[in-house]
Amino acid sequence: MTPRPGYDPASLIAGIILIALGGLLLLDQADVLELRSEFVLPAVLAAVGGILLACGLAGPPRGRP
Amino acid sequence: MTDTQPTMPQPEQPPRRLTRSTTDRMIGGVAGGLGRHLNIDPLAIRITFVILTFAGGLGLIAYLLCVLFVPVDDPSAPPLKWGLARTVGAGLLVVAALAILIPDWFWGPLVPLLVVAGAVVYLLVRMLREDGGTHAGHVAARIAIGIVLVALAVGGFVAAAAGTALGGGIVVAGLVIACGVGLVGGAFRGGARWLIVPAVVLALPLAAVAATDLDVRGTWGDRTFRPATVAELAGGYEMGVGSLKVDMRDVQLPAGRTDLPLEIGMGEIQVLVQDDVCVTTDADVGVGAVNTGEGDQGGIDVDVSDDRDIAPGVRHLHVIADVGIGHVMIGDRFFDWDGPGRWRDDRFDALEAGTSRAACQGAA
């Protein structure tokens with residue numbers, strides 16, 4: 001049986017995805033980037049999908065059966 | 001026979017003094033100390049501090065003053081170990097304080113809702129903490145907490161969308177990043193997956209508003225402008241939400257191109273022109289439609305650009321329209337929407353196809 005890592009990979013991956021997404025939207029709101037809907041909406045869906053995938057593959061949080 | 005026992009002299013009690021608690025503290029022990037001093041549950045005081053922080057920063061200022069001027073009850077107590085919850089809580093308070101410092105970020109209407117939500121959550125948590133409650137009571141309390149949390153999520157979604165559309169998108173994006181940082185930090189301290197929910201609740205409306213370039217700052221309502229001279233068109237017209245109508249029939253346009261910049265966050269733009277005027281339109285609509293004499297276009301990210309050749313000496317009106325959500329109509333009669341079942345095709349007279357094209361060639 002593979003030992004579980006000493007950190008929660010789902011939280012780590014979700015955090016990185018959210019930092020990237022938030023950074024992208026921050027640049028758009030600060031008028032540094034001009035994001036269009038055909039890019040933003042798939043990006044958000046991909047982010048949510050990535051988070052769900054990470055949570056599913058990582059299993060329950062540590063401390064839960 | 002009476003037996004009177006001499007009363008023992010009681011040691012004089014020192015005056016009850018307000019101190020910060022070193023045994024019940026989340027950050028500085030202020031709420032714990034106040035709760036002990038006033039005989040109130042410190043949780044209620046913490047919620048009050050958070051609510052007052054959103055009311056113009058009062059809670060944060062009061063807390064910092066208490067940390068500065070109220071002594072601790074045990075100076076020899078070890079320093080506080082900062083866990084994830086404390087870090088996230090303090091981070092959110094700092095973000096809230098920064099948000100308050102940004103002009104145009106108005107928290108006022110949210111305060112009563114926060115008061116009600118905070119009080120309900122406090123009462124429900126108290127119910128769950130009590131051991132004497134029945135199983136049915138605990139189940140009811142959990143259901144109620146779930147309903148309140150869903151309501152808060154919906155409220156957060158709407159508030160994030162409204163806040164972004166009102167110019168606070170940078171703050172909302174900062175909150176999403178803060179949640180991401182909390183998740184990364186929490187990954188090495190047992191995980192903090194609960195932060196995913198508020199992050200997604202904030203990110204979805206932020207992305208939707210960013211995608212449509214929705215900006216509802218400005219005037220709300222129905223406005224009709226009737227410029228009389230070309231000079232009045234120089235600055236264009238701008239509104240936040242509503243109906244922006246410009247009646248151009250009284251303006252004697254000079255030969256050559258005259259620009260008419262129009263902008264609305266959410267609503268409609270209508271421009272009335274004479275048939276013999278050459279009209280071209282550059283329109284950028286986040287979600288909605290553009291209806292001119294050259295046809296209709298609708299959907300998401302509608303981008304209409306009209307760069308046809310114009311005959312020299314023609315009176316040429318160039319409409320530059322920027323709409324977040326809504327539609328742009330160029331016609332020779334105003335459209336009045338008067339209820340369900342009345343769609344623009346029923347009442348709106350768009351320029352006849354080709355009329356403006358002929359005018360642009362100098363044929364009108």
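Because the structure is a prediction, the values reported are computed rather than measured. Numbered from 1 within each chain, the chains take letters A, B, ... in sequence-line order. Because only heavy atoms are used, hydrogens play no part in the values below, and waters and symmetry mates are left out as well, while side chains stay in.
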Where on L26(A) is there a heavy atom nearer than 4.5 Å to chain B: the side chain, the backbone, both, or neither? both
So for I16(A), is it side chain, backbone, both, or neither that comes closer than 4.5 Å to the heavy atoms of chain B? both
If you look at every heavy atom in A14(A) and I196(B), which pair is closest and at what distance? CB-CD1, 3.9 Å
For C55(A) and R193(B), which heavy atoms make the closest approach, and how far apart are they? O-NH1, 4.0 Å
Separation between CG (L12(A)) and CZ (F188(B)), nearest 0.5 Å, reads 5.0 Å
So for L21(A), is it side chain, backbone, both, or neither that comes closer than 4.5 Å to the heavy atoms of chain B? side chain
Taken in chain and number order and not counting sequence neighbours, the residues that satisfy side-chain contact (heavy atoms from CB on, under 4.5 Å) with A208(B) are none
Taking side-chain contact (heavy atoms from CB on, under 4.5 Å) as the test, write out the residues that go with L27(A), two or more places apart. V32(A), L33(A)
Tell me, out of I300(B), L204(B), D301(B), L202(B), who's got the most heavy-atom pairs with chain A below 4.5 Å. D301(B)
Taking every heavy atom of G22(A) against every heavy atom of V176(B), the minimum-distance pair comes out as CA-CG1, 3.9 Å
Nearest heavy-atom approach of A210(B) to L25(A) is CB-CD2, 4.2 Å
Treating S11(A) as the side-chain partner and G186(B) as the backbone partner, does any N or O pair qualify as donor plus acceptor under 3.5 Å? no
Derivation and outcome, side-chain contact (heavy atoms from CB on, under 4.5 Å), residues V171(B) and Q29(A): CA-CA 9 Å; V171(B) 176; Q29(A) 292 298 307; over 6 Å; no
Give the minimum heavy-atom separation between A207(B) and V44(A), together with the two atoms involved. CB-CG2, 3.2 Å
dist I19(A):CD1 -> L183(B):CG (nearest 0.5 Å) comes out at 8.5 Å
